[in-house]
Structures are given as structure tokens and as C-alpha cells.
K.L.:
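Here it is: the structure, laid out below.
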Amino acid sequence: MLTNRRSSRICCLDLDTFFVSVERLFDPSLVGKPVVVGASPGKRGVVTSASYEARRLGVHSGMSMADAQRLAPNAFYVPTRHGTYGRYASKVKAILERYCPEVRTASVDEFILDFRGCEGLYRRPEDTSPDATIERVVREMRQAVQDEILLPSSAGIGTSRTIAKIASGRAKPAGVLMVPSGSERDFLAPLSVRKFPGIGPVAEANLNQAGIQTLDQLMTLPPGPTRQRFKGLMRQVDGICTEQRVADLAPERPAFSEHDRKGGVVGSISNERTFHADVGNLNKLEAQLLALVERVCWRARNRGVLARTFTLKLRFSNFETLSRSKTIAPTNSDLPVMRCLRGLLLQNLAPGRAVRLLGVAFSKLTLEGQQLSLPYDRGGRGDVSMAVDAVRDRFGYEAIRRGAAGGRSRWEKRSPHDGGSEATEPDQAANARKV
DNA sequence: TCTGGGGTCCTAGGACCC
DNA sequence: TCTGGGGTCCTAGGACCC
């Protein structure tokens, strides 16, 4: 029996090669050519977005720029344009909201729309069914995005967010695909297990090793140890086909208005940086740490949150990565956070080891002003910090910089393994603002 | 010139308390 | 004092997503 709750009314609209498409708006000569958006050539980094022409040459997102250039030396390489893509995503969302009362942003290039209850609103005499009405509206909406902002996108429609998401991928490029209620199993069966959200490279390898390539093979495993091993996954896939609810809508993101049961704030805030060249000099690492701490503290203050747990992330030259965290009194002030993380840095930096990546993360967040009886460290947020924040609020983070963060550290304390000779210029291009 | 950066979620062991 | 268990917090790591 088909109830309205089980109808195909959830839509996922996904912008096709989004970053590449935006770059083509800025430079129309790139249309029809292989385009790769990512780190600046010559810098450490990976491909963020590759046009279909570049994909035909073997380039895909996540690949190192070095590999991409080897495969496609004649492609057009464009550095990532921070901030710009978000503005285009907002324009897209505004269009979608004309067509659907419930639009959620799932990521910078992906939106989830809930059309439940809208069939009557849009129905036309020529529509052969409520499903046909919704599919027609989604096609019109997709075309509006194309015509008004010149951005291609694809849309999938299904009974749940997961089906809609997979369908949008099958609809690319520039298509619309509806998966009618009841046909989920037939739709999923022939697909590679990797197409299912949540199955990544590791799970895929495990499944393949067990002889499972397709979702059909997964869903029809005969009783036995293999079935036992993957029963959690089977339940997940099966649930998508049979569950009588449509509960997996995207949470609105950012989710900082959401509180957990204990009044905390859901989520974390982090920044990390891969250096252009590995850094072994402790003073320089401390200066970089300070720069990261200042930035994340600033972001926390902007969101009005305090953090209790502070995590330091280190990645060494050989790509070995470790994280060390410490929980202290809630704060968002540079000084106590720096004290905490500097301690972790000194404890975990073996002499002679060069650092490739340094990262800082804040978690166990609470709203500022809510820490009733908890000790709350206000140290370091004096008039100077307030003034610095005020400038940054008006002109952006990069408008002002504490002396120590850019050069020599005020927190310095020479150590035995100090005095390395590596180049330590931070990878400025990663955060360069282009207009 | 191998391997980004922002996140979320899950697991698992140990400490500690009752 | 021969060995129990919950529950919760903290920490570390890893899979996954875009």
C-alpha cells in the first residue's frame, strides 16, 4: 500500500562539477576544455573539482595535483577561489526556494528539498500522476537554475534522501531521475556497492574481497558467515527500500544552533595547514600554532561558543599522523588555548622530526554565557583582543595579524632540536583571497 | 612535487564512580 | 580479595563525505 509518507517526494539537487562551472562563468573560454580546480600548481595539494573533459583524461577529485598534471599536462589549472562558490550556492538556493517550501543545504554543491504535500499545489491537467507533477516541477526548477545563473545541475527524486542522492548521481550530467516508490530495490540492485553513501574505499575493498561487487549481491547474501559479517550494512540498504518513513532529511548546516542533551553545542571547529615545505624548527612551529589558535579562537568567538576540548594534530614527513587532545575549563581566548596546545606540541614533537601538517580543533562546545557554574577562563580577552576582533569583523580575518603569529614566536623557548634549516614559508596560496 | 581542508560519526579502552 | 557490572567521561584513531 502506498501512503503519502512513502511517496517519492524528496529531491536532491546537485550542481555538476560545481567549482569548474563557476570558474567557467568567470572565464568562458574554459567551456568545453579540460579544467582542473585545486591547489596552485607547484604547491602541495589535491584536485578539488575536475571537468568531464578532464575526467576523461583520468583526473578526478582527491588526486594529487602532481598526478593530475602528469595525466593531463595540457588541461587548464585554476586555483580554488575561496568564498566565491558559497555565494553562487546561495543564489541557487534562492531559486530552489521559489519552488519548494523546504530547502536544506547539505553541502556547498548539494541541496535537499522536501516536496511532500506539494502535489496539489503544482498539479496540471496534463500530469498523468502526482509523481509526474513533481518530476515536471523539478525539471522546471533545474532549468531555472541553468537559465538564471548558468549553472548546470542534476536532480534525483525518491522516497528518502539516500535514494534521491544516489539518483542525482545517476542523472548526471544535467538530468533528472525519479525513482518511484516501490522500485528502490530494482534501482539499487545493479549499482556498485561504492555508490551507496557510507560505503567508502575501505568498506568497498572488504566487500569486494568477499566477492561482493553490487548492491544486489549484498542484499541477497545467503545465510552464512559472510552474511553475518555484513549484516549491519545489509540492514542499512534494506531499510532504504522498505522503511515506512522519510526521516533522513539533511540537518541544516551549520548546525550550531542545535544543542545536545546536556546543553552543549553540537559540532567542532578546526583549522589545519599543510606546509609548503616540512617544518622542523620549533620556533617556527610555535608561530604557526599561534596563527592557527588565533584563527580558531576568533571563529569560536564569532559563533559565540566556548570549547572545552582542544586537539592538536601533527602529520610528519612520512605522513604518519597523530592527534592529542586535552580537556580544560571552557574558553575561547587565545592565551589559555595556546598554553594548552603548546604543551601538547612540546610533548609530542620528537627531536629531529619535521612536520608536514599542523592542525587545531575545538570540540565539546558550549554557548558563551551558558557556563553557569563551570569555571570559565576569560584570560587573554582584554581590550586588545576586543579591538582586534572588531577590526576583523569589519575587514576580514586577514586584515590584522598579531606580530608573533606571522614571524618569530613570543612563546619561544629554545629546545634541543631547534635550529632546523628547512624552508618554512606557510602555504599562503591555500588561503589567498582572490576577488 | 605523491597524498587538502572542513567537517561528522563511530569504536574502543581506561579511569573513575557507585 | 580472587574478580561483578553499569554508567559516564576522556582520549585516540579511523572511515567517510564534499
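The sequence lines fix the lettering, A, B, ..., with proteins before strands; numbering per chain opens at 1.
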K.L.:
Give me the one residue out of A/Arg339, A/Arg342, A/Arg301 that meets salt bridge (charged side-chain N to carboxylate O under 4.0 Å, His left out) with A/Asp334.
P.N.:
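Testing A/Asp334 for a salt bridge (charged side-chain N to carboxylate O under 4.0 Å, His left out) against A/Arg339, A/Arg342, A/Arg301 leaves exactly one candidate, A/Arg301.
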K.L.:
So which nucleotide does B/dG6 pair with, by the Watson-Crick or G-U wobble rule with both distances under 3.5 Å?
P.N.:
C/dC17
K.L.:
On the six-membered ring of A/Tyr397, is A/Arg392 placed so that its NZ or CZ lies under 6.0 angstrom from the centre and within 45° of the ring axis?
P.N.:
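Relative to the ring axis of A/Tyr397, which defines the angle, A/Arg392 lies inside both limits.
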K.L.:
Of the options B/dG4, C/dC10, B/dG6, whose atoms approach the side-chain atoms of A/Asn271 most closely?
P.N.:
B/dG6
K.L.:
Check each residue of residues 65-76 of chain A for a non-hydrogen atom within less than 4.0 Å of any atom in DNA chain B, then write out the ones that pass by number, or none.
P.N.:
A/Ala66, A/Gln69
K.L.:
Nearest of B/dG4, B/dC2, B/dG6 to any side-chain atom of A/Glu272?
P.N.:
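Nucleotide nearest to A/Glu272's side chain: B/dG6.
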K.L.:
Is the backbone of A/Thr214 close enough, under 3.5 Å, to the side chain of A/Gln217 for a donor and an acceptor to pair up by distance?
P.N.:
yes
K.L.:
Between C/dC17 and B/dT3, how many Å separate the two P atoms, rounded to a whole number?
P.N.:
23 Å
K.L.:
Listing request: all salt bridge (charged side-chain N to carboxylate O under 4.0 Å, His left out) pairs with a residue in residues 56-77 of chain A, at least two apart in sequence or in separate chains.
P.N.:
A/Asp67-A/Arg70
K.L.:
From C-beta outward on A/Lys364, which listed nucleotide comes closest to its side chain: B/dT8, C/dC10, B/dG4?
P.N.:
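In terms of side-chain proximity for A/Lys364, the closest of B/dT8, C/dC10, B/dG4 is C/dC10.
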K.L.:
Ignoring hydrogens, what is the shortest heavy-atom contact between A/Thr321 and A/Phe319? Give both atom names and the distance.
P.N.:
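Here A/Thr321 and A/Phe319 meet closest at OG1-O, 3.0 Å.
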K.L.:
Where along nucleotides 12-18 of chain C does protein come under 4.0 Å, by heavy atom, of base (B) or sugar-phosphate alone (S), with - for untouched nucleotides?
P.N.:
SS-SSSS
K.L.:
Would a distance-only check, ignoring hydrogens and angles, find a side-chain to backbone donor-acceptor pair under 3.5 Å from A/Ser183 to A/Val179?
P.N.:
no
K.L.:
Nearest to the side chain of A/Leu357 - B/dG5, C/dC10, B/dT8?
P.N.:
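For A/Leu357, the side-chain atoms sit closest to B/dG5.
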